[in-house]
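Note that the coordinates shown come from a computational prediction; the quantities given were computed from them, not determined experimentally. Order of the sequence lines sets the chain letters (A, B, ...), proteins ahead of strands, with each chain counted from 1.
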2 protein chains.
Amino acid sequence: MNSQDVILGMLMKRSLSGYEIKQLFESLFSYFYNSSYGTIYPMLHRLEKEELITKENVLQEGKPNKNVYTITDKGKSQFTDYLLSPVESDSVKSDFLMRLYFGQHVGYEKVLSWLTKEQVHAQKQFDDLTEKYALYHDQMHPAQIICIQIGIKEYQAKLEVIREGMVSIQQCQQEERD
Amino acid sequence: MNSQDVILGMLMKRSLSGYEIKQLFESLFSYFYNSSYGTIYPMLHRLEKEELITKENVLQEGKPNKNVYTITDKGKSQFTDYLLSPVESDSVKSDFLMRLYFGQHVGYEKVLSWLTKEQVHAQKQFDDLTEKYALYHDQMHPAQIICIQIGIKEYQAKLEVIREGMVSIQQCQQEERD
DNA sequence: ATGATATATATCGGAATGATATATTAACTT
DNA sequence: AAGTTAATATATCATTCCGATATATATCAT
C-alpha cells in the first residue's frame, strides 16, 4: 500500500483535485492514512503519465482554477489488483506513546501535560468519528462500518486508559510531596 | 520524533548493537514505532560522527563480533531536549483499515479473509503485550504502565469489533445467496 | 558437505515527509 | 484605497525513511 493505491481508491468514487485529495486525507482518512502535498502532486503527475488517471482543467468562480483528475479503466484495474494483493502490516509512529515509554526521564508534571494534550486530541477524533458514523452509517458498506467502528472503539479505549492513568500519575505526584 | 530520538532513548537504559536495536524495535517497540536496518545503521554512524554515541567492538564466542554503542553526555542531553520539545502528531498507515474502507469494490469473501488474518495478528499482539505486562508491570514506571495499557486496551477493542464485524459480513453473505 | 537458521553489518534505489515558494481570490481592517 | 489575513490551489526540494539486497560468521540438522 502506498499513496498511489489510496489516491486511486479515492478517485473510484468521484473525480478530485489535488487539493480536495489533501482535504480527504486530513478529514476522514487521517486515522488510517495521511499524505502531504509533496507526495500528492508528484504522484498525480506520475499517475497521469502512466495513464491511470486523466487531467481536466476546471474554471471556478471566486476561487483559483483547479486540475480535476479522473480515474481511467486502466487505473480501475490497477486499483483492483491492489485490493487482491496480500495485506501489508501496519506501520505506526506514535510520538505520544514513545514519550510515555521514556517517561521515567522527565517529571510527573511533564507526563501529565502529555496525557492532557492527548486526551483533548483523542476526544476530538472520537467525537468526529462518532458524528460521521451517526450521519452516514445507513449509507455505508458493511466493511466501511467495521472500519469506522474500529476507530471509534480504539479511541474510546485510549481515552479510558488516559483518564485512569492521569489519576495514578497524580497519586505518584502526591506521594512525592510527602 | 525520528529514529535518532528513539535510538538514543533505547541507549539511555543500556548499551546496544545495531542488531539488538532492531530486535527491540520488533519486539516491545513495534506497536508504537519501527525502523529497518536501512535506517538504523546509517543513523548509528551519524550519531557516532556527531559524538552523541561511542562505538566499541566486542568479540563474541560462537557468534560474529558486534559493535556496541554507548550514549555520551552530549547524547543524553540531546535526548532530554527531545523529551521537552512539543509532542508531534501520530502517523498511522494501516493497509488493513484502508482495505476495509474500500471493501465495497471486492466480495464479502475477501473482506472476511482480511478480518480473519487481522484477528490472528491482533490476538498475537494482545497476548504478547498482556504477557509482558504480567511479567514486568511491578518493575515498570507509572508512565510506562499507561503506555502498555493503551496498547492492550486498543487491541482488545479492535478484536471485539472484528468479532462482531465477521458475523455481520457473514449475514450479508447469506442474504446474497437467497 | 549442504542447507537452514541466527547473528551481525552495510548499502542503495525509490518513496515519503516537512518545509517552503508561488499565485489567485475573498474578506476583513485601518 | 491600501494592506493584511485566510482559503484555495499547485509545485518543488532537501532530508529522511523503507524495503530489498548483499555480505560474512557461526551453529545445527540431515
Look at all strands and tell whether [X] reaches a base, only sugar-phosphate, or nothing, counting heavy atoms closer than 4.0 Å.
X: B:Gly18; result: sugar-phosphate
X: A:Ser91; result: nothing
X: A:Gln23; result: sugar-phosphate
X: A:Gly62; result: sugar-phosphate
X: A:Ser17; result: sugar-phosphate
X: B:Lys55; result: nothing

For this session: Evaluate whether atom CD of B:Gln139 has more than 12 neighbouring non-hydrogen atoms of other residues, nucleotides or ligands under 6.0 angstrom away.
Result: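 Buried by this count: over 12 neighbours within 6.0 Å.
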
For this session: Report the nucleotide, chosen from C:dT7, D:dT10, C:dG18, that has the shortest atom-to-atom distance to any side-chain atom of A:Ser36.
Result: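 The listed nucleotide nearest to A:Ser36's side chain is C:dG18.
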
Problem set entry | Side chain of B:His45 (C-beta onward), nearest among C:dT11, C:dA8, C:dT17 |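 For the B:His45 side chain, the nearest candidate turns out to be C:dT11.
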
[X] [atom1] - [N] [atom2] separation (whole Å):
X: B:Glu48; N: C:dA10; atom1: CD; atom2: P; result: 10 Å
X: B:Tyr37; N: C:dA10; atom1: OH; atom2: P; result: 12 Å
X: B:Tyr19; N: C:dA10; atom1: OH; atom2: C1'; result: 15 Å
X: A:Tyr41; N: D:dT12; atom1: OH; atom2: C1'; result: 13 Å
X: A:Tyr33; N: C:dT17; atom1: OH; atom2: C1'; result: 11 Å
X: A:Lys63; N: D:dA9; atom1: NZ; atom2: P; result: 5 Å
X: A:Met43; N: C:dA16; atom1: CE; atom2: C1'; result: 9 Å
X: A:Asn57; N: D:dT8; atom1: CG; atom2: P; result: 18 Å

For this session: Report yes if a side-chain nitrogen or oxygen of B:Lys93 is closer than 4.0 Å to either non-bridging phosphate oxygen (OP1 or OP2) of C:dT17; otherwise report no.
Result: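 Result: yes.
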
For this session: Give a yes/no answer on whether the side chain of B:Ser35 brings an N or O atom under 4.0 Å of OP1 or OP2 in D:dC18.
Result: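 Indeed, a polar side-chain atom of B:Ser35 lies that close.
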
For this session: Could you pick out which residue, A:Asn34 or B:Asn67, lies toward the 5' side of DNA chain C when each is mapped onto its nearest nucleotide?
Result: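 Its nucleotide being nearer the 5' end, the pick is B:Asn67.
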
Exercise. Starting at the 5' end of DNA chain C and moving along, which residue's nearest nucleotide shows up first, A:Pro64 or A:Asn2?
Worked result: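 Looking at DNA chain C, the more 5' nearest nucleotide goes with A:Asn2.
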
Exercise. If we ignore angles and hydrogens, is there a donor and acceptor under 3.5 Å between the side chains of A:Gln123 and A:Asp127?
Worked result: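 Yes, because at least one side-chain N or O of A:Gln123 sits under 3.5 Å from a partner of the opposite role on A:Asp127.
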
So which heavy atom on [X] is nearest to which on [Y], and how close?
X: A:Met140; Y: A:Ile148; answer: CE-CG1, 3.2 Å
X: A:Lys74; Y: A:Glu51; answer: CB-O, 3.8 Å
X: B:Thr70; Y: B:Ser15; answer: OG1-OG, 2.8 Å
X: A:Lys153; Y: B:Val161; answer: CG-CG2, 3.6 Å

Exercise. Which sits closer to the 5' end of DNA chain D, A:Glu88 or B:Arg46, going by the nucleotide each is nearest to?
Worked result: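 That would be B:Arg46.
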
Exercise. Do A:Leu83 and A:Leu8 share a hydrophobic cluster (ILVMFWY, side-chain heavy atoms under 4.5 Å, transitive)?
Worked result: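 Yes; tracing contacts between hydrophobic side chains, which count when under 4.5 Å, links both residues.
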
Exercise. In dot-bracket notation, what is the pairing pattern of DNA chain D, taking Watson-Crick (N1-N3 plus N6-O4 or O6-N4) and G-U wobble (N1-O2 and O6-N3) contacts under 3.5 Å, with [ ] crossing and | for other strands?
Worked result: ||||||||||||||||||||||||||||||

Problem set entry | Carboxylate-amine/guanidinium contact B:Lys22 B:Glu26, below 4.0 Å |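 A salt bridge links B:Lys22 with B:Glu26.
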
